[in-house]
Novice: 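One structure, as structure tokens, below. Some questions next.
Lettering follows sequence order; numbering is per chain, from 1. Computed from a predicted model, the values in this text were never measured in an experiment.
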Amino acid sequence: MPEKYNPQAIEKKWQQKWTDDELYKVRDDAPRPKWYALTMFPYTSGDLHIGHWYNNVPSDVLARHKRMLGYNVLHPYGFDAFGLPAENAAIRQGIHPFKWTMQNIDNMRRQVKSIGAIYDWDREVITCLPEYYKWTQWFFLRLYEKDLAYYGTAPVNWCPKCQSVLANEQVEDGKCWRCESDVVKRDLAQWLFRITKYADELLNFDGIDWPERIKIMQRNWIGRSEGTEISFALDHPSVAEKEIKIFTTRPDTVFGVTFMVLAPEHPLVVKLTTPEQKAAVQAYIAKSRKMTDIERLSTDKEKDGVFTGAYCVNRLNNTKVPIWIADYVLASYGTGAVMAVPAHDERDFAFAKKYKLPIPVVIAPPDWDGKALREAYIEPGKMVNSGQFDGTDSEKGITAVSEYLEEKGWGKRTISYKIRDWLVSRQRYWGAPIPIIHCPKCGVVPVPEKDLPVLLPEDAEFKPTGESPLKYNEKFVNVKCPKCGGAAKRETDTLDGFVCSCWYMLRYTSPHENNRAFDPAKLKKWMPVDFYSGGAEHAVMHLLYTRFFTKAICDMGIVDFREPFLRLFNQGIILMGHSKMSKSKGNVVNPDNYVAELGVDTVRAYMMFLGPWEQGGEWDDSGMSGITRWLNRTWTLATDEYKSSSADGDEELMRLLHHTVKKASEDLDKIRLNTMISALMELTNYMGKVKESGSVSVNTWNETIKTLLLLLAPSVPHISEELWQITGNKYSIHNQDWPKWDEKYVTSDEFTLVVQVNGKLRDRLTASVSVTGDEAKKLAMGLERVKPFVEGKQVVKVIFVPKKLINIVVK
RNA sequence: GCCGGGAUGGCGGAAUGGCAGACGCAGCGGACUUAAAAUCCGCCGGAGAAAUCUGUGUGGGUUCGAAUCCCUCUCCCGGCACCA
């Protein structure tokens with residue numbers, strides 16, 4: 001009796017052997033073409049849940065397939081190890097963030113290893129280790145040199161719970177992306193990366209194969225908008241400025257301006273406000289500063305504002321325009337000021353109604369009766385009440401007015417972006433220290449390269465004070481200025497974790513380099529990443545940041561490519577109770593139990609079988625037994641003795657086998673792993689019948705088993721290795737070539753002709769592929785099941801689709 | 001509000017202009033068993049004794065033929081949201 005399938009035993013055995021033999025060790029010098037397959041590395045929260053596995057398993061299957069196709073595959077793994085949860089754990093449990101993180105990594109590494117992936121663990125990258133963050137700091141200095149990193153004071157997003165600032169991308173619906181606290185505004189001196197400099201290039205996705213969805217998200221986030229900056233004349237005895245600039249996409253409506261609105265934070269507001277209005281204006285500013293972004297940016301909120309008492313002049317029609325402030329105008333977009341055209345903008349309309357400001361029409365709606373509008377008309381139309389532009393189509397008027405303004409020197413065409421510079425400093429301990437020294441004499445001084453890394457001191461007090469714990473560490477803070485040698489202080493903010501993940505894919509190419517971030521020759525060999533998979537939630541964070549970072553260091557000559565990831569794939573999300581699995585929600589499913597009970601091959605195949613990878617869905621393990629049964633049947637097929645009684649079925653089995661090879665190959669290319677598993681099941685089901693009847697020769701049987709095992713190898717690597725050995729093949733199945741299909745077995749000279757009458761299926765028949773329409777018609781008309789539907793009726797039309805169907809249309 | 005994606009048996013899904021429901025789960029019936037588990041065989045959208053009719057969120061359209069293409073509406077998921 002052959003042994004029974006014992007997944008736990010064989011999985012343990014082979015994982016050990018593969019490790020001992022360095023089967024998956026990646027050679028930089030292999031002559032085969034390279035393939036860099038990367039999965040987003042996980043944050044070190046403690047355990048991997050089944051959702052993480054859903055990221056890792058299909059990627060490994062695809063990488064293994066590429067490997068069998070003859071590629072030299074780099075498929076590395078590592079950990080995104082800096083971040084707030086480690087520090088929060090320190091505050092709550094009194095455990096040092098380093099210890100907490102490294103313990104988590106140990107557990108997560110054990111879990112990931114149980115997957116049986118082809119990760120080369122010699123290349124593991126951990127971002128919180130000095131050997132790594134030294135180079136994160138090094139990159140920071142390079143950005144600083146090129147003025148792409150700068151220090152500035154700005155109103156920033158402040159999360160009161162995390163006690164730190166957040167980048168715009170990390171604020172979701174006015175709430176912190178991690179803890180969901182309401183975010184407030186604060187003025188702080190901060191470090192920023194000049195991502196806006198690359199706004200235009202980031203809009204260009206030429207040469208990269210990314211999901212349309214992600215490209216749209218990035219485009220919306222960057223928010224490029226072509227418009228015109230118009231200057232309104234200012235004549236105010238106590239104000240030096242002689243103009244107020246506004247940004248508009250509708251210069252064609254400039255004759256309809258009846259008021260001006262500045263953001264409460266606009267620098268001119270204080271200077272312009274008249275003594276009578278001072279109290280009201282100050283109260284309004286105070287009120288809007290106190291509001292959270294959610295309150296302030298709520299579109300439901302009624303628009304309100306305050307008159308400053310001051311006026312400017314619309315130079316086109318020489319009218320006096322009152323200047324208001326209102327919090328629906330954002331200080332950070334355009335010039336922080338807008339011209340209000342109530343007749344043709346919904347917000348301005350509501351505002352004008354509330355404060356009884358005039359609403360003159362300057363774009364005539366179709367069939368306009370000359371009366372006042374009941375709502376804002378924002379569509380195109382003929383310009384009216386617009387001086388020399390009367391009668392112009394408003395769409396043409398945009399250019400015409402802009403040209404006129406440029407001619408007069410009253411304005412210029414310009415482009416505005418929604419995206420802001422990336423705020424990278426964090427007032428926390430557990431991040432890469434920003435390698436900067438503040439000297440009272442020399443100002444901001446970068447730490448000399450030879451002094452890197454700026455190490456995180458081990459002793460720190462993790463008090464949530466709103467300031468970096470590093471600030472209270474005298475040994476860390478007090479340094480000599482590298483320039484003048486005088487007493488100076490270190491920057492105590494640390495870098496956003498997303499800075500670390502901007503370059504981890506580079507480090508994998510040569511993770512043990514001590515004297516540089518990476519070996520350029522190895523980088524050249526492996527980069528860019530050919531296939532990158534991860535969640536869509538990183539669309540405007542990690543994925544946008546990394547593209548920016550790559551372009552920036554390319555301009556410095558550090559790398560020679562401008563896009564890090566050639567192809568991006570977003571896998572779906574595994575839900576539990578209709579929400580994403582997360583430790584904080586307490587709805588995680590741990591894969592360890594499944595592995596212990598059923599073996600990892602079952603879990604792997606089940607993850608693939610669930611549905612299309614990009615779809616994800618609610619977690620439900622009730623179907624897993626189907627996979628266990630299938631692998632058991634497969635085991636039996638390969639290990640039982642096959643007794644042949646004839647060779648009559650050879651042709652048929654070879655047809656199905658080659659069809660399956662083709663289907664599996666195509667499904668892997670299309671990343672349809674669920675249908676690949678289905679196809680393999682169909683093959684094994686059929687083989688079960690063949691085995692019962694003994695209807696194929698021993699040779700055909702053995703060849704089929706061998707090919708089946710090769711097809712299974714990427715998906716279920718352990719059982720296929722074991723059966724490969726049992727069936728007498730040479731170790732290792734994972735060094736074999738992916739099978740090829742033979743066209744002669746997937747084409748046929750016969751096919752099943754579907755017979756329809758009036759589009760409804762009536763019968764089918766087997767016909768030669770060379771059958772003509774007339775012959776097919778004759779055959780079809782003769783069918784017993786067809787006759788009743790055509791007899792006594794007039795045949796109006798016959799549709800014949802070669803190799804598919806015939807449709808007889810009768811009346 | 002705007003921009004994406006989606007809705008197919010009891011469930012996960014397959015079929016992207018040509019046989020709806022592949023494959024699997026659950027369920028039902030049977031074989032084996034003292035019994036159960038495991039395994040194997042059969043059935044499995046609805047109505048109907050059957051022929052057949054009907055059926056892919058809703059309503060319409062294009063077509064010889066629509067789950068698939070177009071339009072309308074409903075609901076679900078994701079993103080953005082006063083960006084002038």
Novice: Relative to the 5' end of RNA chain B, which residue comes earlier, A/Thr249 or A/Arg629, by the nucleotide with the nearest heavy atom?
Specialist: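 The residue closer to the strand's 5' end, by nearest nucleotide, is A/Arg629.
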Novice: Using the C1' atom in both, what is the distance from B/A66 to B/G55, to the nearest Å?
Specialist: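 Straight-line distance between the two C1' atoms is 14 Å.
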Novice: Considering only atom C1', compute the distance from B/U58 to B/U8 and round it to an integer number of Å.
Specialist: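 Comparing C1' positions in B/U58 and B/U8 gives a spacing of 15 Å.
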Novice: Okay, side chain of A/Thr636, backbone of A/Asn632: is any donor-acceptor separation there less than 3.5 Å?
Specialist: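 A pair under 3.5 Å: yes.
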Novice: Taking the minimum atom-to-atom distance to the side chain of A/Trp221, which one of B/C25, B/A20, B/C80 wins?
Specialist: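 Nearest to the side-chain atoms of A/Trp221, counting from C-beta on, is B/C80.
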Novice: Output the single nucleotide from B/A26, B/C82, B/C19 whose closest atom is nearest the side chain of A/Asp327.
Specialist: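 Nearest to the side chain of A/Asp327 among the choices is B/C82.
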Novice: Taking atom P of B/G78 as reference, at what distance in whole Å does atom CD of A/Glu537 sit?
Specialist: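 For the pair A/Glu537 CD and B/G78 P, the rounded distance is 12 Å.
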Novice: Listed by chain and number, what are the ring-ring contact (aromatic ring centres under 6.0 Å, His included) partners of A/Phe800, not counting sequence neighbours?
Specialist: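 For A/Phe800, no residue satisfies ring-ring contact (aromatic ring centres under 6.0 Å, His included) once neighbours in sequence are set aside.
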Novice: Work out how far the P atom of B/A51 is from that of B/C64, and round it to whole angstrom.
Specialist: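 These two P atoms come out 31 Å apart once rounded.
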Novice: Taking only residues two or more places apart in sequence, or in another chain, which ones meet A/Trp221 in a side-chain hydrogen bond (donor to acceptor under 3.5 Å, both in side chains)?
Specialist: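 Here the qualifying residues are A/Glu169.
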Novice: Run the salt-bridge test on A/Glu226 and A/Arg413 with the 4.0 Å N-O cut-off and return the result as yes or no.
Specialist: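 Salt bridge flag = no for A/Arg413 with A/Glu226.
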Novice: How would nucleotides 8-14 of chain B be written as a contact map, 5' to 3', with B for base contact, S for sugar-phosphate-only contact and - for no contact, using protein heavy atoms under 4.0 Å?
Specialist: ----BSS
Novice: Check the distance between B/G5's P and A/Trp613's CH2 and give it to me in whole angstrom.
Specialist: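 So the CH2-P distance, A/Trp613 to B/G5, works out to 21 Å.
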Novice: When you measure from the side chain of A/Arg762, which nucleotide among B/C82, B/U52, B/C19 comes out closest?
Specialist: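 Minimum distance to the A/Arg762 side chain belongs to B/U52.
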Novice: Please tell me if A/Thr636 has a side-chain N or O lying less than 4.0 Å from either OP1 or OP2 of B/U39.
Specialist: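 No, no such contact exists.
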Novice: My understanding is that only residues two or more places apart in sequence, or in another chain, count here; which of them pass side-chain hydrogen bond (donor to acceptor under 3.5 Å, both in side chains) with A/Lys580?
Specialist: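 Per chain and number, A/Lys580 pairs via side-chain hydrogen bond (donor to acceptor under 3.5 Å, both in side chains) with A/Glu537.
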Novice: At under 4.0 Å between heavy atoms, what does A/Asn685 touch on the DNA or RNA strands: base, sugar-phosphate, or nothing?
Specialist: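 Sugar-phosphate contact only - A/Asn685 comes under 4.0 Å of backbone atoms but never of a base.
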Novice: Please enumerate all residues that pass side-chain hydrogen bond (donor to acceptor under 3.5 Å, both in side chains) together with A/Glu243, with sequence neighbours excluded.
Specialist: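 Counting only residues at least two positions away or on another chain, A/Glu243 forms a side-chain hydrogen bond (donor to acceptor under 3.5 Å, both in side chains) with A/Ser231.
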Novice: Expressed in whole Å, how much space separates the C1' atoms belonging to B/A22 and B/G5?
Specialist: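 My reading of the C1' atoms in B/A22 and B/G5 gives 25 Å.
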Novice: Does the A/Arg764 side chain pair with the main chain of A/Val755, one donor and one acceptor, at a distance under 3.5 Å?
Specialist: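 Checking the backbone N and O of A/Val755 against the side chain of A/Arg764, no donor-acceptor pair under 3.5 Å is found.
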Novice: Compare the minimum distances between each of B/A26, B/C23, B/G18 and the side chain of A/Glu682, then state the nucleotide with the smallest one.
Specialist: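 Ranking B/A26, B/C23, B/G18 by closest atom to the A/Glu682 side chain puts B/C23 first.
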Novice: Please report, rounded to the nearest Å, how far the P atom of B/C23 is from the CG atom of A/Leu631.
Specialist: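 From A/Leu631 CG to B/C23 P: 18 Å.
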Novice: When all nucleic acid strands are considered with a 4.0 Å heavy-atom cut-off, which category describes A/Ser416: base, sugar-phosphate, or nothing?
Specialist: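 Result for A/Ser416 = nothing.
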Novice: Could you pick out which residue, A/Ile799 or A/Lys303, lies toward the 5' side of RNA chain B when each is mapped onto its nearest nucleotide?
Specialist: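 Between the two, 5'-proximity favours A/Ile799.
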Novice: In this structure, is the centre-to-centre distance between the rings of A/Tyr417 and A/Tyr333 below 6.0 Å?
Specialist: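 That pair fails the under 6.0 Å test.
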Novice: Could you check whether the rings of A/Trp324 and A/Tyr355 sit parallel, tilted or perpendicular, using 30° and 60° as the cut-offs?
Specialist: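 Because their plane-to-plane angle lies in the 30° to 60° range, the rings of A/Trp324 and A/Tyr355 count as tilted.
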Novice: For the ring pair A/Phe259 and A/Phe307, is the centre-to-centre distance below 6.0 Å?
Specialist: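 No, the ring of A/Phe259 stays outside the 6.0 Å limit from the ring of A/Phe307, centre to centre.
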Novice: Just to be sure I follow the notation: if a pair is Watson-Crick (purine N1 to pyrimidine N3 plus N6-O4 or O6-N4) or a G-U wobble (N1-O2 and O6-N3), each under 3.5 Å, what dot-bracket string does RNA chain B give, with | for pairs to another strand?
Specialist: (((((((..(((.....[....))).(((((.......))))).(((....)))..(.(((..]....))).))))))))....
Novice: Before you tell me yes or no, could you show the steps for A/Asp774 and A/Thr772 under side-chain hydrogen bond (donor to acceptor under 3.5 Å, both in side chains), namely the whole-Å CA-CA distance, both residues' side-chain angles and the distance that decides it to 0.1 Å?
Specialist: CA-CA 5 Å; A/Asp774 284 346; A/Thr772 64; 5.5 Å; no
Novice: Quantified in whole Å, what is the P atom distance between nucleotide B/G12 and nucleotide B/A7?
Specialist: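 B/G12 and B/A7 have their P atoms separated by 12 Å.
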Novice: Could you tell me which residues satisfy side-chain contact (heavy atoms from CB on, under 4.5 Å) with A/Pro251, sequence neighbours excluded, listed by chain and number?
Specialist: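 Here the qualifying residues are A/Thr228, A/Ile230, A/Thr248, A/Ile398, A/Val401, A/Ser402.
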Novice: What residues, two or more places apart in sequence or in another chain, satisfy salt bridge (charged side-chain N to carboxylate O under 4.0 Å, His left out) together with A/Lys412?
Specialist: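 Only A/Glu229 meet the salt bridge (charged side-chain N to carboxylate O under 4.0 Å, His left out) criterion with A/Lys412.
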Novice: Send over the distance from A/Asp763 CG to B/A51 P, rounded to a whole Å.
Specialist: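 So the two atoms are 14 Å apart, to the nearest Å.
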Novice: Between B/G9 and B/C80, how far is it from one P atom to the other, in whole Å?
Specialist: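 Going atom to atom, P in each nucleotide, I get 32 Å.
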Novice: Thinking salt bridges, do A/Asp667 and A/Lys662 make one under a 4.0 Å N-O criterion?
Specialist: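 A/Lys662 and A/Asp667: not salt-bridged.
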Novice: Say you pick atom P in B/G46 and the same atom in B/G21; how far apart are they, in whole Å?
Specialist: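 One P to the other, the span is 14 Å.
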Novice: Roughly, in whole Å, what's the span from CG in A/Asp345 to P in B/A84?
Specialist: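 Atom CG in A/Asp345 sits about 10 Å away from atom P in B/A84.
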Novice: When we call it a touch if two heavy atoms are under 4.0 Å apart, what does A/Val798 touch: a base, just sugar-phosphate, or nothing?
Specialist: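 The answer is nothing, as A/Val798 stays clear of every strand by at least 4.0 Å.
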Novice: Syn or anti for B/G9, taking syn as within 90° of 0?
Specialist: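 What B/G9 shows is a syn base, its glycosidic angle lying within 90° of 0.
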Novice: Which residues within residues 686-694 of chain A lie with some heavy atom under 4.0 Å of an atom in RNA chain B?
Specialist: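 Going residue by residue through residues 686-694 of chain A, none turns out to have a heavy atom under 4.0 Å of RNA chain B.
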Novice: For B/G57 versus B/G13, give the span between their P atoms, rounded off to a whole number of Å.
Specialist: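 Straight-line distance between the two P atoms is 14 Å.
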Novice: Could you tell me the separation between the CG atom of A/Leu783 and the P atom of B/C19, rounded to a whole number of Å?
Specialist: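 About 18 Å, once rounded to whole Å.
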Novice: Quick one: list whatever passes side-chain hydrogen bond (donor to acceptor under 3.5 Å, both in side chains) with A/Asn674, sequence neighbours left out.
Specialist: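 None.
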Novice: I'd like a table of atom pairs between the protein and nucleotides 54-56 of chain B - only N or O on both sides, under 3.5 Å - with the distance next to each one.
Specialist:
from, atom 1, to, atom 2, distance (Å)
B/U54, OP2, A/Lys760, NZ, 3.4

Novice: Between A/Glu614 and A/Arg672, does any side-chain N to carboxylate O distance fall below 4.0 Å?
Specialist: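 A salt bridge is present here (some side-chain N lies under 4.0 Å from a carboxylate O).
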Novice: Please state how far atom CZ in A/Arg213 lies from atom C1' in B/G6, giving the value in whole angstrom units.
Specialist: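 One finds 11 Å between C1' of B/G6 and CZ of A/Arg213, rounded.
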Novice: Under 3.5 Å, is there a donor-acceptor pair between the side chain of A/His542 and the main chain of A/Phe498?
Specialist: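 Flag not set: sc A/His542 to bb A/Phe498 has no pair under 3.5 Å.
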Novice: Contact list please: residues 800-811 of chain A against RNA chain B, heavy atoms, distance less than 4.0 Å, in numerical order.
Specialist: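 Going residue by residue through residues 800-811 of chain A, the ones with a heavy atom under 4.0 Å of RNA chain B turn out to be A/Val801, A/Lys804, A/Leu805, A/Asn807, A/Val809.
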Novice: Determine, using ring centers only, whether A/Trp613 and A/Phe569 are less than 6.0 Å apart.
Specialist: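 Yes, ring centres under 6.0 Å apart.
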Novice: Under 6.0 Å between ring centres, would you say that holds for A/Tyr54 and A/Trp619?
Specialist: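 No: the rings miss the under 6.0 Å criterion.
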Novice: Just to confirm, is there a sub-4.0 Å distance from OP1 or OP2 of B/A84 to any side-chain nitrogen or oxygen of A/Tyr333?
Specialist: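 Yes.
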Novice: What is the distance, rounded to the nearest whole Å, between atom CZ of A/Arg224 and atom C1' of B/A84?
Specialist: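 After rounding, the reported distance stands at 17 Å.
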